[in-house]
Number of protein chains: 2
Amino acid sequence: MDSSATNRPAMDDGTADLADVGRRLRALREERGLSLSELARRAGVGKATLSGLEAGTRNPTLETLWAVTGELGVPLTALFTRPPGQSTEPDSPVFHGESVEATLLRVFDDETVTYELYQVRFPAGTAQTSPPHPPGVTEHLTVFAGTLLAGPIGSLREAGPGDYVTWRSDVPHGYRVIGGQDVHASLLLRYPRR
Amino acid sequence: MDSSATNRPAMDDGTADLADVGRRLRALREERGLSLSELARRAGVGKATLSGLEAGTRNPTLETLWAVTGELGVPLTALFTRPPGQSTEPDSPVFHGESVEATLLRVFDDETVTYELYQVRFPAGTAQTSPPHPPGVTEHLTVFAGTLLAGPIGSLREAGPGDYVTWRSDVPHGYRVIGGQDVHASLLLRYPRR
DNA sequence: CCCCGTCGTTCCATAAACGGAACGTTTCGT
DNA sequence: ACGAAACGTTCCGTTTATGGAACGACGGGG
């Protein structure tokens with residue numbers, strides 16, 4: 001499905017498959033001591049729906065998810081956010097250790113422009129290049145910890161804690177971590193609209 | 001603006017309705033310069049599906065949402081974040097100054113330094129001064145929308161959309177909004193520790 | 001022991017979300 | 001000016017998510 005040429009940072013929103021969502025939902029229900037039947041009745045959904053949802057054999061509708069999470073009193077995000085403690089699989093450190101993690105903090109829509117604010121983490125040793133974005137897009141990186149080179153390929157700039165780097169991202173650009181420390185940074189993407 | 005120890009991303013995922021999700025999805029698509037047809041093709045969903053989804057006339061399936069947001073490169077959460085200017089979660093750390101509204105997005109604790117990332121909103125016409133902070137504290141302001149003067153009193157600098165201003169805040173400093181537009185910005189506070 | 005209420009799963013007809021095709025419109029390049 | 005391509009919307013047959021009902025399993029009380 002995603003086999004196209006799109007290259008994007010690995011979004012750590014805990015995106016999982018239907019089975020994971022089902023497990024999380026069941027855990028949330030059982031924490032509250034609710035039976036499946038009772039939660040289904042309160043949320044106004046069928047028992048079959050909830051049963052299949054928790055088993056991971058159904059592909060729920062957004063309204064169904066809203067109904068259930070609303071009754072559980074949790075935001076929809078709770079179904080996709082990993083509970084603390086099992087954030088990463090212990091037996092697959094390679095994938096987590098070598099990919100950039102980006103979490104979308106905010107999206108700001110304006111009449112003429114949109115901003116996306118990410119918190120990103122580059123593990124030590126990371127080097128990644130990104131293809132050009134549409135014209136006019138700019139990136140604004142504020143470093144919190146660690147040091148890296150970032151910017152357009154060929155004119156990378158060094159940025160350490162507290163530093164701020166910006167560049168037009170309609171050309172190939174990338175990042176390379178310097179030193180043995182992970183880099184934490186805030187990345188602001190600016191998308192002007194015609 | 002106090003530094004409470006709560007490390008909690010104030011991610012609005014309010015209870016939006018289908019029309020809101022559709023609007024947000026359309027905005028995310030258009031800021032990338034993608035046509036509806038192309039996004040549908042890349043994401044592997046029907047054009048009718050995407051059209052109805054953006055119009056708010058459909059009740060999408062979780063797999064459909066994953067396909068589309070995955071292709072857009074945003075977490076599912078991006079569809080549920082409120083547009084700026086709306087109220088935030090009731091228990092999120094929101095601080096109201098005279099007229100400034102600041103929301104703590106993130107706290108980063110390091111061995112030697114602490115960062116606090118805020119999203120702030122200065123209503124049009126706002127002018128406010130802040131007393132000095134402890135020595136070594138710096139402020140880093142990234143403007144999202146609107147224009148303002150910010151920095152130490154006596155050497156205010158102008159900053160418009162996309163601009164970045166920083167200053168040492170161990171002296172009296174302040175902000176003054178220019179023009180009739182509200183200012184949205186990201187404010188990073190850096191607290192070095194001995 | 002038996003009854004009865006509740007548990008979670010499975011079966012089923014209905015409603016609706018889905019993808020493909022056709023449509024009218026707009027935007028190009030020739 | 002014309003034709004071709006791409007745009008977003010609408011129509012339509014197929015697929016599938018849904019809620020109600022029926023099911024067997026379990027457990028407590030009379």
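Chain A is the first sequence line, chain B the second, and so forth, proteins listed ahead of strands; every chain is numbered from 1. From a predicted model like this one, the values you see are computed outputs, not experimental measurements.
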What's the closest nucleotide to the [X] side chain, out of [options]?
X	options	result
A/Ala48	C/dG19, C/dT9, D/dG19	D/dG19
B/Asn59	C/dA17, C/dC18, D/dG8	C/dA17
A/Ser35	C/dG8, D/dG8, D/dG19	C/dG8
A/Thr61	C/dG19, D/dT18, C/dC18	D/dT18
A/Pro60	D/dT18, C/dG8, D/dC7	D/dT18
A/Val45	D/dG19, D/dG8, C/dT10	D/dG19

Check this one for me: any side-chain N or O of [X] less than 4.0 Å away from OP1 or OP2 of [N]?
X	N	value
B/Ser51	D/dT9	yes
B/Thr64	C/dC18	yes
A/Arg58	D/dT16	no
A/Ser37	C/dT6	no

| request: Could you check whether the rings of B/Tyr175 and B/Phe122 sit parallel, tilted or perpendicular, using 30° and 60° as the cut-offs? | output: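 Tilted, since the angle between the ring planes falls between 30° and 60°.
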Taking atom [atom2] of [N] as reference, at what distance in whole Å does atom [atom1] of [X] sit?
X	N	atom1	atom2	value
B/Glu54	D/dG8	CD	C1'	9 Å
A/Leu36	D/dC26	CG	P	17 Å
A/Leu34	C/dT6	CG	P	15 Å
B/Leu53	D/dG8	CG	P	14 Å
B/Glu30	D/dC7	CD	P	13 Å
A/Lys47	C/dC7	NZ	P	8 Å
A/Glu38	C/dG5	CD	P	17 Å
B/Glu63	C/dC18	CD	C1'	12 Å

[X] vs [Y] side-chain heavy atoms within contact, under 4.5 Å:
X	Y	answer
A/Leu148	A/Val165	no
B/Val21	B/Arg24	no
B/Leu18	B/Pro60	yes

| field | First of A/Gly44 and B/Arg26 reached from the 5' end of DNA chain D, by closest nucleotide | value |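 First, find each residue's nearest nucleotide; the 5'-ward one identifies B/Arg26.
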| query | Would you say A/Thr61's side chain and A/Thr64's backbone share a donor-acceptor pair under 3.5 angstrom? | reply |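 Side chain of A/Thr61 to backbone of A/Thr64: no pair is present.
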| query | How is A/Arg41 classified with respect to the nucleic acid when contacts are heavy atoms under 4.0 Å: base, sugar-phosphate, or nothing? | reply |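 Result for A/Arg41 = nothing.
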